[in-house]
There are 2 protein chains.
Amino acid sequence: MDVVSNNLDLRAAPQIVTLRSALGDILRRAIVSGRFMPGQKLVERELCELTGASRASVREALRQLEAEGLVTLRPHRGPFVMSMTVEDARQLYGVRGVLLGYAARLCAAARPAAALAAIASATEALGQGAAAADHRAIVQSGDAFHAAIGAGSGNAVLQQMLASVHNRLALLRNLSMALPHRVREGLAAYAAIRDAIAAGRPAEAEALCLDHNDAGAALALCILEEAEGHRARREARTG
Amino acid sequence: MDVVSNNLDLRAAPQIVTLRSALGDILRRAIVSGRFMPGQKLVERELCELTGASRASVREALRQLEAEGLVTLRPHRGPFVMSMTVEDARQLYGVRGVLLGYAARLCAAARPAAALAAIASATEALGQGAAAADHRAIVQSGDAFHAAIGAGSGNAVLQQMLASVHNRLALLRNLSMALPHRVREGLAAYAAIRDAIAAGRPAEAEALCLDHNDAGAALALCILEEAEGHRARREARTG
DNA sequence: CATAGAAGATTGTTAGACAAACGGTCAATC
DNA sequence: GATTGACCGTTTGTCTAACAATCTTCTATG
């Protein structure tokens with residue numbers, strides 16, 4: 001340690017000290033962002049070439065993603081990006097409802113300054129994104145909003161579970177690029193949640209989150225069912 | 001859809017096809033059952049010798065257990081059995097409350113026959129275990145009771161998350177073998193939950209589960225705080 | 001007594017190997 | 001013509017061996 005190190009942020013070395021965690025992050029991002037589509041088969045050798053890592057490291061990362069519910073490891077057949085049925089989505093939304101509601105309740109009860117700022121900022125960003133019809137910005141600020149509530153709950157276990165559910169639901173988002181008129185209503189819902197939390201009304205915040213979640217679930221399930229119908233029809237025609 | 005498929009369940013081949021999943025189960029059981037104590041360092045070489053598997057397989061299994069929150073993998077220091085602070089336990093119980101409540105609600109709404117039977121059976125077993133003061137039986141039937149509610153919810157995501165939280169809380173149980181007079185009150189609570197579910201009263205089942213969870217949390221936190229106090233005192237004396 | 005430094009042990013990661021299992025092709029059979 | 005069965009390439013599951021980076025421990029030194 002020399003003179004220079006005094007000026008810099010000491011607790012550097014985030015988590016990128018190990019290749020395995022970096023690999024996990026890279027693959028997770030690739031899946032959540034839609035770089036790998038749901039249902040797609042992932043070949044270990046390809047992942048190795050793609051990332052430059054060895055098979056052992058790739059397999060360790062895949063094992064973690066499996067535990068997170070983002071990939072399924074079918075024995076002797078290899079890893080596949082998790083593909084959701086309508087029933088899966090229904091269950092995920094159900095769990096997200098109670099978790100998100102609980103998080104909002106805690107958040108509204110504790111009202112940590114950082115979380116309030118993050119929530120307000122995300123709401124603001126969503127508004128701008130909606131005005132500019134910037135799809136990427138809308139998605140990103142939506143994620144930020146939910147992440148802020150999770151972090152603001154002060155419950156790390158809850159936060160992690162919410163993130164896991166959220167990541168899996170993101171798979172669904174990649175299936176259909178549709179979020180058409182939902183933005184307008186969504187914006188109002190986000191603002192209402194933000195206000196309820198900022199004002200310290202836990203019960204109201206929870207109820208609003210439940211409504212918001214149900215609305216999202218209804219839309220997603222509708223889209224998913226239609227997509228599944230499409231698939232079924234196509235298969236019926238082909239087979 | 002032939003004649004045979006109606007009577008027999010064809011899909012044999014459980015899940016023990018891969019060594020990695022078997023390893024994961026073995027290590028998980030070893031941790032949850034207290035064979036490895038919380039905070040204990042796990043040396044890869046020892047695990048290899050203990051299980052007869054190679055380092056690669058052991059590391060894959062450890063990676064999964066890490067994602068489940070049962071071990072922490074500290075970079076360049078190795079895997080440790082997760083040890084819980086009072087705050088960790090508080091957060092886990094908080095999450096378990098909402099998840100268990102939700103599961104009971106769903107269970108009471110759907111009332112699948114298999115779940116009702118399993119719940120009744122577990123309650124019965126708990127009563128017998130309590131009468132015989134059979135510690136192992138009490139623990140086992142308690143686990144079975146919670147597992148039955150999770151399974152009865154019909155929500156696989158919820159079931160898995162409940163199991164994860166439950167496993168982590170089992171670590172706490174290994175810290176102190178104490179569940180002294182809690183059995184008597186516990187028995188009544190279990191019976192009440194069973195009845196509420198069997199009678200199809202979702203709101204009541206949820207409320208009872210929340211109470212039950214709070215009672216467990218209070219006791220566990222009390223014990224944990226005492227244990228932590230012990231540790232602090234001992235460290236103060238030693239250091 | 002504190003500290004620097006060397007020695008040993010453990011982890012992180014790679015490479016290569018091999019058996020078992022899977023998916024598909026293609027001929028033989030009913 | 002459709003089904004059965006054998007063959008073959010590919011991929012996975014698992015192991016062994018190895019090496020650099022890092023942690024821990026012990027020792028020697030000021």
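The sequence lines fix the lettering, A, B, ..., with proteins before strands; numbering per chain opens at 1.
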Is there a side chain to side chain contact (heavy atoms under 4.5 Å, CB included) between A:V165 and B:M161 once you walk through the steps?
CA-CA 10 Å; A:V165 173; B:M161 287 191 165; 3.4 Å; yes
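- Within the nucleic acid shown, B:L23 has no heavy atom closer than 4.0 Å to any nucleic acid atom.
- Ranking D:dG13, D:dA18, D:dC15 by closeness to the B:R55 side chain, first place goes to D:dA18.
- Within 4.0 Å (heavy atoms only), B:L73 reaches no atom of the nucleic acid at all.
- Rounded to whole angstrom, the span from the CZ atom of A:R63 across to the P atom of D:dG13 amounts to 9 Å.
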Give the C-alpha distance, both sets of side-chain angles, the deciding distance and a yes or no for side chain to side chain contact (heavy atoms under 4.5 Å, CB included) between A:C107 and A:I119.
CA-CA 11 Å; A:C107 203; A:I119 291 173; 4.2 Å; yes
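- Within 4.0 Å (heavy atoms only), A:R20 reaches sugar-phosphate atoms of the nucleic acid but no base atom.
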Output, in order, the C-alpha distance, side-chain angles, deciding distance and verdict of side chain to side chain contact (heavy atoms under 4.5 Å, CB included) for B:F145 and B:L126.
CA-CA 9 Å; B:F145 186 86; B:L126 184 67; over 6 Å; no
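- Taking atom CZ of residue B:R45 and atom C1' of nucleotide D:dT24, one finds them 15 Å apart after rounding to whole Å.
- Between the P atom of D:dT14 and the CZ atom of A:R59 lies a distance of 7 Å, rounded to the nearest Å.
- When DNA chain C is scanned 5' to 3' for any atom under 4.0 Å from a heavy atom of chain B, the first and last hits are C:dT11 to C:dT13.
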Run the side chain to side chain contact (heavy atoms under 4.5 Å, CB included) check on B:I138 and B:D134 step by step: do they pass?
CA-CA 6 Å; B:I138 292 174; B:D134 182 348; 5.5 Å; no
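- Residue A:L50 holds its CG atom at 9.5 Å from CD1 of A:I26, rounded to the nearest 0.5 Å.
- Heavy-atom nearest nucleotides on DNA chain C were determined for B:L42 and for A:S54, and the one closer to the 5' end corresponds to B:L42.
- In this structure, A:L19 places its CG atom 15 Å from P of D:dA21, rounding to the nearest Å.
- When heavy atoms are screened at a 4.0 angstrom cut-off, B:S57 is found touching the sugar-phosphate backbone but no base atom.
- Between D:dT14, D:dC15, D:dT24, one nucleotide has an atom nearer to the side chain of B:R77 than all others, and that is D:dT24.
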Report the C-alpha separation of A:Q64 and A:E60 in whole Å, then their side-chain angles, then the decisive distance to 0.1 Å, and conclude whether the side chain to side chain donor-acceptor pair (under 3.5 Å) test is met.
CA-CA 7 Å; A:Q64 178 186 351; A:E60 280 191 36; over 6 Å; no
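- Side-chain atoms of B:S164 and B:N167 include no donor-acceptor pair closer than 3.5 Å.
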